[in-house]
2 protein chains.
Amino acid sequence: MSILNAIRDQWNDLHPKERELAGFLLEQPQQAVQMTISELAQRSGSSTATVSRFCRSFHFQNFADFKMRLAAELAQQPAQMQYQDIVAGNPLQEIVSAITANHLRSLTDTTRLLDLQQLRAAISALHSANRIDLYGAGTSGMIAQDFFHKLIRIGKAANVYSDPHMQITSASSLTERDVAVGISYSGETLETINALRCATEQGATAISITKFGNTALAGHASIRLFTSSAEAGMRRGDMASRMAQLHVVDILFTGLVSEHFDEYVPRLENSFHMVRRYTGKEEREPS
Amino acid sequence: MSILNAIRDQWNDLHPKERELAGFLLEQPQQAVQMTISELAQRSGSSTATVSRFCRSFHFQNFADFKMRLAAELAQQPAQMQYQDIVAGNPLQEIVSAITANHLRSLTDTTRLLDLQQLRAAISALHSANRIDLYGAGTSGMIAQDFFHKLIRIGKAANVYSDPHMQITSASSLTERDVAVGISYSGETLETINALRCATEQGATAISITKFGNTALAGHASIRLFTSSAEAGMRRGDMASRMAQLHVVDILFTGLVSEHFDEYVPRLENSFHMVRRYTGKEEREPS
DNA sequence: GATAATAAGAAAATTATTTACGCCTTCAAC
DNA sequence: GTTGAAGGCGTAAATAATTTTCTTATTATC
């Protein structure tokens, strides 16, 4: 229930009328997706304009887009388990099932949330970028690293920074021909936000990868990519969200390579062979 | 697929233009549900009136009703596909499906391969370890990093090395009270193998995380954990395998924390709160 | 060859959605 | 308290989407 989760998640940031609307959506989602915007407005005690704005504030293209995605989400059979936090002394078998369910869920939810338009825009921006900067802290820093590995394999001029000073230093030298990617699950990591803002000020194209919702980081990006947002159990940490972020990175990368196949694939294969050759015979496949 | 089936079913009774429309719907249902009636009419070479009538002839209330129900239906199917390599110029939607299928597959396959006995042994070894060394190169190095992040959060004396010299240097000072974890998808990365061998010679408990099969790395480990082994497309790289490795790491970590709940959870929560406190108010959740 | 039946598009009518505008509330500064 | 700025939110105008009506073209039947 990533959309409904996101709504619950942002409850505190919602305006009064939006809350009434959100409340109705959370209680009667099945009915809501069958209504027109005016019915929904009436039933939830707000106006069509408010509903429309609500949808856009959650980064949906429009009301129709919102309705379709919510419907798709609701159609998922409830057999799927809910996201679970770590609890005491579970049998190992149950832990395995729970983690697996969390991860599968995270991936399918993220896939459902993906906006192909934004994805296409991101791919195109990355392809034509003169330089690519990647920013992320903590676990998201690792995602950035992963993306970095991929990009240099196809010969992109990419850099990755976790150090806030270096982030700003690098961002300050970007131009409108460059791309900056800010990664943060919460979307509220100050350092990453600042780096992306700085990049935007220099005219670079800013791409954000955050949990779904109205996050500060996404607010500063011109291309927004989202992962599913489960309520964060602090114990569970960022396991599922990290999977989701990697998933988005993989899709971005694969899309990029696929769309410019002849240019990138030879480089990809070359990097593969070279690693093999220079790290000993024993290395038969990428580790 | 009752709606699409019904359309196929009635194929013979359809008028020429309706067939074109039906054909498009059967081929591109995912795209169709995102379109307006006029887009759909245009793409399928008919007119809005025809589409509208088509929906009613199938006893839907109207076009919107049709769209919603089809969307709900499409959301149901999990689309279990085979592992796929990157190919040229696929539509983005297909790339998304393929990657998602790869990842889901990778996780479920890995879960199926998991040996609870080995898992228990690994958890127990990690719990009582005096020191924990993590070795990995390339992408597997990132997995090791990820594990490292997790372990230090619960106060374990962990270290992670990607540099072969440092790996050996550290491994050489391990004792029988320590644990070494070697990560390599192929299981044939020389540096990682050597580091694990060195650790074993010092009497440390060696844990391997490799693809399933008879790999060199697993041969040098006393506790062997496996991920699913799909044929590696060199273009596809290590995306799915990385997901699987992280999956194993997550299960290991969660099992560890769950089994020693009272000891580890306070540390985990403390690290969470401290990161929050020392990285500014804006940081509401782990990035 | 005329007539009836029906397919199917154009356009009109209807309905739905978004946007522009402005009122009203809230909150802070004076 | 008064004033001004900011922003929420509804009304209504503009836009877009959908359905229905009207019309034409085609084919089958007598």
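What you are looking at is a predicted structure, and each value in this text was computed from that prediction instead of being measured. Proteins come first, then strands; the chains are lettered A, B, ... in the order of their sequence lines, and each starts at number 1.
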Original post:
Side chains of A:T111 and A:H247: is there a donor and an acceptor less than 3.5 Å apart?
Top reply: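 There is such a pair between these side chains.
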Atom [atom1] of [X] and atom [atom2] of [N]: how far apart are they, to the nearest Å?
{"X": "A:N62", "N": "C:dA16", "atom1": "CG", "atom2": "C1'", "answer": "12 Å"}
{"X": "B:E18", "N": "C:dG9", "atom1": "CD", "atom2": "C1'", "answer": "14 Å"}
{"X": "A:F54", "N": "D:dG10", "atom1": "CZ", "atom2": "C1'", "answer": "18 Å"}
{"X": "A:K17", "N": "C:dT25", "atom1": "NZ", "atom2": "P", "answer": "13 Å"}
{"X": "A:Q61", "N": "C:dA16", "atom1": "CD", "atom2": "P", "answer": "22 Å"}
{"X": "B:I37", "N": "C:dT15", "atom1": "CD1", "atom2": "C1'", "answer": "13 Å"}
{"X": "A:D65", "N": "C:dT17", "atom1": "CG", "atom2": "C1'", "answer": "14 Å"}
{"X": "B:M68", "N": "D:dT18", "atom1": "CE", "atom2": "P", "answer": "13 Å"}

Subject >> Touch class at under 4.0 angstrom, heavy-atom based, for A:S47 against every strand present >> reply: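 The residue A:S47 makes base contact.
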**OP:** With heavy atoms under 4.0 Å as the rule, sort A:T48 into base, sugar-phosphate or nothing.
**Re:**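 Base contact - A:T48 has a heavy atom under 4.0 Å of at least one base atom.
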Nearest listed nucleotide, side chain of [X], among [options]:
{"X": "A:A49", "options": "C:dA20, C:dG9, D:dT19", "result": "C:dA20"}
{"X": "A:P16", "options": "C:dA16, D:dC9, D:dT18", "result": "D:dC9"}
{"X": "A:R53", "options": "D:dC9, D:dT20, C:dT18", "result": "D:dC9"}
{"X": "A:S52", "options": "D:dG10, C:dT19, D:dT18", "result": "C:dT19"}
{"X": "A:R56", "options": "C:dT19, D:dG10, D:dT19", "result": "C:dT19"}

Quick one, [X] and [Y] - any side-chain contact, counting heavy atoms below 4.5 Å?
{"X": "B:M239", "Y": "B:N102", "result": "no"}
{"X": "B:F24", "Y": "B:M35", "result": "yes"}
{"X": "A:N194", "Y": "A:Y135", "result": "no"}

Original post:
How are the rings of B:F54 and B:F66 set to each other: parallel, tilted or perpendicular (split at 30° and 60°)?
Top reply: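 B:F54 vs B:F66 ring planes: perpendicular.
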Original post:
Is the phosphate of D:dG10, meaning OP1 or OP2, less than 4.0 Å from a side-chain N or O of A:T50?
Top reply: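 Indeed, a polar side-chain atom of A:T50 lies that close.
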Original post:
A:H15 side chain N/O closer than 4.0 Å to the phosphate oxygens (OP1, OP2) of D:dG7?
Top reply: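 So the side-chain polar atoms of A:H15 never come under 4.0 Å of the phosphate oxygens OP1 or OP2 of D:dG7.
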